[in-house]
Amino acid sequence: MKAVNITLIFNGQAEEALNFYKSILGGEYLNFQRMNQMPGAPPMPAEEGEKILHAALAVGNSVIMGMDMPTARGTANAGNNFMVTLDTSSEDETNKAFNGLAEGGTVTMPLGHQFWGAFFGMVTDKFGIQWMLSYVEQK
């Protein structure tokens, strides 16, 4: 297996959320398509056409993908059935990402040195996405 990626689904906030993550985590967009750019796109209201069909944000060796739920498919519900895990390169990087994600969100487990050897914490960001951040020093 080359990689495991996650797709985050939003109700019209995909662009805002992915730009927020990019401002904290860095990276570059590999793909950023709006619904009105879909080949053979059916007629749709202008607001629907501006929603994100697919976006892929490369961060390090990983990709965070995101999209907006098409109106015809109902509403995406922020849930607790997944977490995005960030394996960081340093405690400084961990602190920066954690503090950024916590802005407007909720810290569910403060960053700290854990018994299993990681500098680790958990946070739910302002969009309801749950994150685990972990740094393990290489020996």
*Any side-chain heavy atom of Leu86 within less than 4.5 Å of one from Val59?*
no
*Can you find a pair of side-chain heavy atoms, one from Leu25 and one from Leu57, that are under 4.5 Å apart?*
no
_Could you go through Asn19 and Tyr29, starting from their C-alpha distance and side-chain angles, then the distance that decides it, and tell me whether this counts as side chain to side chain donor-acceptor pair (under 3.5 Å)?_
CA-CA 10 Å; Asn19 284 332; Tyr29 286 112; 2.7 Å; yes
*Working for side-chain contact (heavy atoms from CB on, under 4.5 Å), residues Arg34 and Leu53*: CA-CA 5 Å; Arg34 297 187 186 283; Leu53 174 67; 6.0 Å; no
_CD on Glu47 to CG on Asn36, rounded to 0.5 Å_ = 12.5 Å
*asked:* Could you report the tightest heavy-atom contact between Asn11 and Ala76, atom names first, then the distance?
replied: ND2-O, 2.6 Å
_Please say yes or no: joined through hydrophobic side-chain contacts below 4.5 Å, possibly via intermediate residues, are Ile64 and Ile9 part of one cluster?_
no
*Could you tell me how the ring of Phe10 sits relative to the ring of Tyr21: parallel (under 30°), tilted (30 to 60°) or perpendicular (over 60°)?*
tilted
*Closest contact, heavy atoms only, Ala102 versus Val107*: CB-CG2, 3.9 Å
*Answer whether the closest heavy-atom distance between the side chains of Gln33 and Met38 falls below 4.5 Å.*
no
*asked:* Hydrophobic clustering (ILVMFWY, side-chain heavy atoms < 4.5 Å, transitive) - are Phe20 and Met67 grouped together?
replied: no
_Under a 3.5 Å cutoff, is there a donor and acceptor pairing between the side chains of Lys51 and Thr71?_
yes
_When you measure from the side chain of Thr88 to the backbone of Ser134, do you find a donor-acceptor pair of N or O atoms at a distance under 3.5 Å?_
yes
*If every non-hydrogen atom of Thr108 is compared with every non-hydrogen atom of Thr124, which pair is closest and at what distance?*
CG2-OG1, 3.8 Å
_ILVMFWY network linking Met69 to Leu8, side-chain heavy atoms under 4.5 angstrom_ = no
*asked:* For Met35 versus Glu48, what's the shortest heavy-atom pair and its separation?
replied: CB-O, 3.7 Å
*To the nearest 0.5 Å, tell me how far Ile129 CD1 sits from Leu101 CG.*
10.5 Å
*For Lys22, look at atom NZ and say whether over 12 heavy atoms of other residues, nucleotides or ligands are found less than 6.0 Å away.*
yes
*With hydrophobic residues grouped by side-chain heavy-atom distances under 4.5 Å, do Met109 and Val136 end up in a single group?*
no
*To the nearest 0.5 angstrom, please state how far the CE atom of Met65 sits from the CG atom of Leu18.*
11.0 Å
_Steps toward side-chain contact (heavy atoms from CB on, under 4.5 Å) verdict (Met122, Met132)_ = CA-CA 5 Å; Met122 296 188 308; Met132 294 187 292; 3.7 Å; yes
*Would you confirm whether Glu137, through its side chain, and Tyr135, through its main-chain N or O, come within 3.5 Å as a donor-acceptor pair?*
no
_Side chain to side chain, Glu50 and Glu15, heavy atoms closer than 4.5 Å_ = no
*Distance-minimising heavy-atom pair for Phe119 and Glu91*: CD2-CG, 3.6 Å
_Closest heavy-atom pair and its distance - Lys126, Gly104_ = CB-O, 3.3 Å
*Would you confirm whether Asp125, through its side chain, and Gly105, through its main-chain N or O, come within 3.5 Å as a donor-acceptor pair?*
no
*Hey, what do you get for NZ (Lys96) to CG (Leu133), rounding to the nearest 0.5 Å?*
13.0 Å
*Roughly how far, to the nearest 0.5 Å, is CD of Gln13 from CD1 of Ile52?*
11.5 Å
